[in-house]
Amino acid sequence: MGVVQTCFLFVLVSLLCVESKYIKYDTSSGIVPGKINVHLVAHTHDDVGWLKTVDQYYVGSNNSIQGACVQNVLDSIVPALLADKNRKFIYVEQAFFQRWWRDQSEEVQNVVKQLVISGQLELINGGMCMHDEAAPHYIDMIDQTTLGHQFIKEEFNVTPRIGWQIDPFGHSAVQAYLLGAEVGFDSFFFGRIDYQDRTKRKGDKSLEVVWRGSKSLGSSAQIFAGAFPQNYEPPSNLYYEVNDDSPILQDNPNLFDYNVAERVNEFVSAAMNQANITRTNHVMWTMGTDFKYQYAHTWYKQMDKFIHYVNQDGRVNALYSTPSIYTDAKYATNESWPLKTDDFFPYADIANAYWTGYFTSRPALKGYVRKMSGYYLAARQLEFFKGRSKARTNTDSLADALAIAQHHDAVSGTSKQHVANDYAKRLAIGYAEAEEVVGESLSCIAESASKGGCMSPTNKFQQCLLLNISYCPPSEVDLSNGKSLVVVVYNSLGWKREDVIRIPVINENVAVKDAGGKEIESQLLPLLNASVGLRDYYSKAYLSMASNVTPKYWLAFTASLPPLGFDTYIISSSSSTAKRAASTSSQLYDTKASQNDTVEIGPGNLKLIYSGKGELTQYINSRSLVKASVEQSYSYYAGDNGSKDKQASGAYIFRPNGTYSINSEGQDVFTVLRGPLLDEVHQQISSWIYQITRVYKGKEHAEVEFTVGPIPIEDGIGKEVVTKITTTVKNNKTFYTDSSGRDFIERVRDYRKDWELQVNQPIAGNYYPINLGLYMQDNSSEFSVLVDRSVGGSSIVDGQLELMLHRRLLFDDARGVGEALNETVCVLEDCRGLTIVGKYFLRIDPLREGAKWRRSYGQEIYSPLLLAFAEQDGDSWASSHIATFSAMDPSYALPDNVAILTLQELNDGKVLLRLAHLYEVCRLPFHSSRKWRKISLIF
């Protein structure tokens, strides 16, 4: 016993007497052939708004919600990289980086430029945000990516090589081929795929693939892509932010808890485990997560140690790396990779938790973003025609607001309410500035006839952002005193266009004349009580004031527009001898008394047949000879409260707990309005759902405008409201949804192409994001539905398509946002659940004849006509203004399969013109033989 005590004392004294000395860690390791190479990729994931606003995240305020400060991250990274030339870091979100860059001295900027040149700091992905891939339209994805890449090119003369979409909740095919391969990326990495898919891919080493996202472009637009084994965080026990609880690598033998061998063994074990599910001898570790590296030294000190001791151990090789280095190493192996087609939707992280609710969450914000996107497209064109100036008001603010709104917690609808308000506020500020640009540009063009140019234009025009609630002060002027209303209608598309304009007016005796002074056919429709109530409440909510007047009518007239140009229409009081706008005949149908009757609406080729009870029964097109049975209904899914397994339906998750029909109980009448240009059917579906169905004389589709809300929750049940359109199409579980507004992808109910699906949520698990539309077909016909904003949709029953229009829920779904999705609007003390006004469009065609409509009309939905209003005395306008304008040669228009995505003057005076081919292989309409011709634009 005495000998043992003596030995123990000797060992203890020996340990205590070991001399402590400075250790220079060897971090210089590169790739070592024949060994497992562990690529340590230091990164932070900085949400451009989520629990805090983008500015709160940047400056580090409101930390009671979340301790996050992005400027601390970037301030901390620079000295950490300068301390060791082998250290590396990647940064993604340009919305933050550009804020930080503007705050830096020239000296710091020069240091950062050298870090970028040396490869220590790599700017990857490069967009203003890490955009969502379900809710944004592909044009917005392009724009926000371009905005970031332009800055990087201008300041650093580099172009990002890598796509890094690590947090969006599912991944689109358009992201892979258009925002990946076509952008010029060499690879694309992402974090979230379905838990069943991930398990299968781990088993057959197919987490990394060649992703061929476009059937039309094929292998020419494929990209090397990789999903992480488990989200985008480090392996367990390797988190090193200040106060993280992972054990450090303690290598001072003079101190207790010396653990070099233990930590090295853990590192090597984790590396081996990942190598066993990865092809080649290269694995990537994402060393960081949300808002990390606020004190970068703590991360790098530990990684320095791991690289040093792991490489001394020799079983695996560890190195500081970036996704670019990792990609180059993968390419160098000449490995064969599995082929991936289609996309990674829908996404579930566990059983019963499908992230398909956010496809519809915050539908008002989604609609606002889409509306501003189309407006921005037109505003940039008009800004170019006038001549851009950074010294004057320009479209930059709207560009920045839209870019930030594409973030995967913004347009997705998954932020806290105060953050959603911030996104909307930025859009409103951007719109106000762009509105001025549009007004000045139109004034400049219109006045150039008398002034021979326009050096300092004065905005003579007003515009209407709130037409969706029947509110448009510029059109609600009294014309009985001899004044006339000038309406300039701008078409941002490259082809000729004819559409019906609808504006609220207060006068009954009005006439509409075209630019040549010829009176054109018009129609008055009464503004019914449902619209007036919505107008009164929401105009107060938006503007904090009541309207002085209430219009009595909608005035409708047909506008014929040149490509990329405008036409002018004059509305005036009609004299006793002049022909006034045709009044709409109104018929009120009592559903109890008219049950055996049928009601036909539609002044043109398309007829919709209703039963006397107000139920849609038939769709008839006399031109295409389509005659089909069709029904439409509303219902809601009760949102699960999570009582069974703590998984509730929420902002992210769609988890229905029963389906309930919404019947028109107590709603005994419906109203039919008829006229020469369009017919309308008005139906009060329930006390909180109102619907207007329109059929236009010159159109062969039906337009359905829905008003949903406030969704009642007095029963303690959250509700997810859907509309279902039922036909006789025998689609055999198969339907098609768009990918980010472009390609259509085949979907098969309860089926996944890449693995054998275990069905546990037969409704939520079959929902997909809809940006453009969805359709189904059989051997003779196809049924299409297009939308005006991002929604979720599916075909849960053969012959039926459904869209989720609105959601109001009472429980948080435990994915971080910490709030129930319960949007309200208040006017003083009167607070109500949010009401949504939106549209969808439906059409039935013979087989293979619907593609042209889906693509061309879909583009028209995205790019609505822009209206600007002015007043004039007498007939002075035509003599002093240009009434018709087109930026294209009068003899030319783009074919209807080619869209103008961008026409924009850049800061250096160059012009950016983007065109898109709208058709895809195997989706062309019959008899389509479009050829490219030289485009003639007048600049």
Side-chain angles (χ1 to χ4, degrees), residues 133-139 141 170-179 182 211-218 221 340-346 356 359 701 725 727 729 731-749 751-754 766-779 781-796 798-803 840-862 896-899 901 916-926 928:
E133 297 181 39
H137 194 277
Y138 75 94
I139 296 178
M141 297 161 79
H171 304 282
S172 76
V174 161
Q175 176 66 37
Y177 83 81
L178 185 60
L179 278 301
E182 295 288 283
W211 192 350
R212 190 176 296 168
S214 169
K215 288 183 178 180
S216 299
L217 299 178
K340 167 68 178 176
T341 57
D342 62 47
D343 60 9
F344 286 94
F345 286 116
T356 53
F359 299 161
H701 64 264
I725 307 103
T727 69
V729 175
N731 61 312
N732 191 27
K733 295 187 175 182
T734 303
F735 58 106
Y736 301 83
T737 68
D738 70 274
S739 177
S740 304
R742 268 195 76 73
D743 311 61
F744 279 88
I745 296 179
E746 182 181 85
R747 312 296 190 183
V748 179
R749 192 163 58 249
Y751 172 80
R752 301 292 187 271
K753 184 185 294 185
D754 293 336
N766 285 299
Y767 253 66
Y768 292 88
I770 312 297
N771 271 281
L772 169 62
L774 72 170
Y775 73 95
M776 59 185 178
Q777 63 186 31
D778 58 18
N779 293 331
S781 63
E782 52 188 89
F783 171 49
S784 308
V785 178
L786 302 183
V787 297
D788 69 344
R789 70 196 70 192
S790 171
V791 298
S794 186
S795 174
I796 302 300
D798 276 358
Q800 184 182 90
L801 295 177
E802 71 174 66
L803 300 173
Y840 65 88
F841 312 83
L842 60 90
R843 175 166 165 151
I844 303 176
D845 287 286
L847 182 63
R848 295 189 63 189
E849 291 189 16
K852 181 178 184 296
W853 177 74
R854 287 192 295 271
R855 300 308 324 193
S856 300
Y857 194 71
Q859 201 66 26
E860 294 185 11
I861 295 170
Y862 176 83
D896 50 19
N897 63 322
V898 178
L901 303 190
H917 194 301
L918 297 180
Y919 296 160
E920 55 183 306
V921 67
C922 299
R923 297 280 183 267
L924 298 178
F926 284 133
S928 177

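When reading the values below, keep in mind they use all heavy atoms of this one structure, side chains included, and skip hydrogens, waters and symmetry mates. Owing to the predicted nature of the structure, the values given are computational and were not obtained by experimental measurement. Position 1 is the first residue of the sequence; numbering continues from there.
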Inset, instruction - For the pair Tyr767 and Glu802, evaluate side chain to side chain contact (heavy atoms under 4.5 Å, CB included) and give the outcome as yes or no after the intermediate values. - result: CA-CA 9 Å; Tyr767 253 66; Glu802 71 174 66; 2.4 Å; yes

Legend entry - Working for side chain to side chain contact (heavy atoms under 4.5 Å, CB included), residues Ile725 and Tyr840: CA-CA 11 Å; Ile725 307 103; Tyr840 65 88; 4.1 Å; yes

Inset, instruction - Go through Tyr919 and Lys852 one step at a time and tell me if the side chain to side chain contact (heavy atoms under 4.5 Å, CB included) criterion holds. - result: CA-CA 8 Å; Tyr919 296 160; Lys852 181 178 184 296; 3.2 Å; yes

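Summarising the geometry, atom OH belonging to Tyr775 is positioned 11.5 Å from atom CG belonging to Asp845; distances are rounded to the nearest 0.5 Å. The distance from atom CD of Gln777 to atom CZ of Phe735, rounded to the nearest 0.5 Å, is 13.0 Å. Separating the OG1 atom in Thr341 from the CZ atom in Arg212 is a distance of 9.0 Å, to the nearest 0.5 Å. The CZ atom of Arg747 sits 7.0 Å away from atom CG of Asp342, with the distance rounded to the nearest 0.5 Å. Taking CG of Leu217 as the reference point, atom CG of Leu178 lies at 8.5 Å (rounded to 0.5 Å). Atoms CD and CE, from Gln800 and Met776 in turn, are 8.0 Å apart once rounded to the nearest 0.5 Å.
Judged by distance alone, the side chain of Asn766 and the main-chain N or O of Ser795 form no donor-acceptor pair under 3.5 Å. Side chain of Ser739 to main chain of Val174: a donor-acceptor pair is present (N/O by atom type, distance under 3.5 Å, no hydrogens or angles). A donor-acceptor pair under 3.5 Å is formed between the side chain of Thr734 and the backbone N or O of Asn732. Formation of a donor-acceptor pair under 3.5 Å by the Thr737 side chain with backbone atoms of Leu774 is not found in this model.
Using cut-offs of 30° and 60° for the angle between ring planes, the Trp853 and Tyr857 rings count as parallel.
The side-chain heavy atoms of Ser781 and Val729, taken from C-beta on, include a pair separated by under 4.5 Å. Side-chain contact between Gln859 and Val898: absent, with no pair of heavy atoms (C-beta onward) separated by less than 4.5 Å. Under the 4.5 Å side-chain criterion, counting only non-hydrogen atoms from C-beta, Leu772 is in contact with Leu786. Taking the side chain as every heavy atom from C-beta outward, Phe783 and Leu842 approach each other to under 4.5 Å. At a threshold of 4.5 Å between non-hydrogen side-chain atoms, the residues Arg742 and Tyr177 count as touching.
The two residues Ile770 and Gly793 come nearest to each other via the heavy atoms CG1-N, 3.6 Å. For the pair Asp788 and Ile861, the tightest heavy-atom approach, listed with the atom from each and the gap, is CA-CG2, 4.0 Å. Residue Ala134 comes nearest to Phe345 through the heavy atom pair CB-CZ, 3.7 Å, listed as atom of the first residue, atom of the second, then distance. A pairwise comparison of heavy atoms in Ala851 and Glu782 identifies N-OE2, 4.0 Å as the closest pair. Asp896 and Leu918 get closest at one heavy-atom pair: O-CD1, 3.9 Å. For the pair Met141 and Ser172, the tightest heavy-atom approach, listed with the atom from each and the gap, is CE-OG, 4.3 Å.
Here Lys215 does not pair with Asp743 in a salt bridge; the nearest charged N to carboxylate O distance is not below 4.0 Å. The existence of a salt bridge linking Asp738 and Arg855 is excluded, since no basic side-chain nitrogen approaches an acidic carboxylate oxygen closer than 4.0 Å.
Judged purely by distance below 3.5 Å, without hydrogens or angles, the side chains of Arg854 and Tyr736 never pair a donor atom with an acceptor atom. The closest side-chain donor-acceptor pair between His171 and Asp343, if any, does not fall under 3.5 angstrom.
Residues forming a side chain to side chain donor-acceptor pair (under 3.5 Å) with Glu182 (at least two apart in sequence, or on another chain): none. Checked against side chain to side chain contact (heavy atoms under 4.5 Å, CB included), Asp798 has the following partners two or more places apart in sequence or in another chain: Asn731, Lys733, Arg749.
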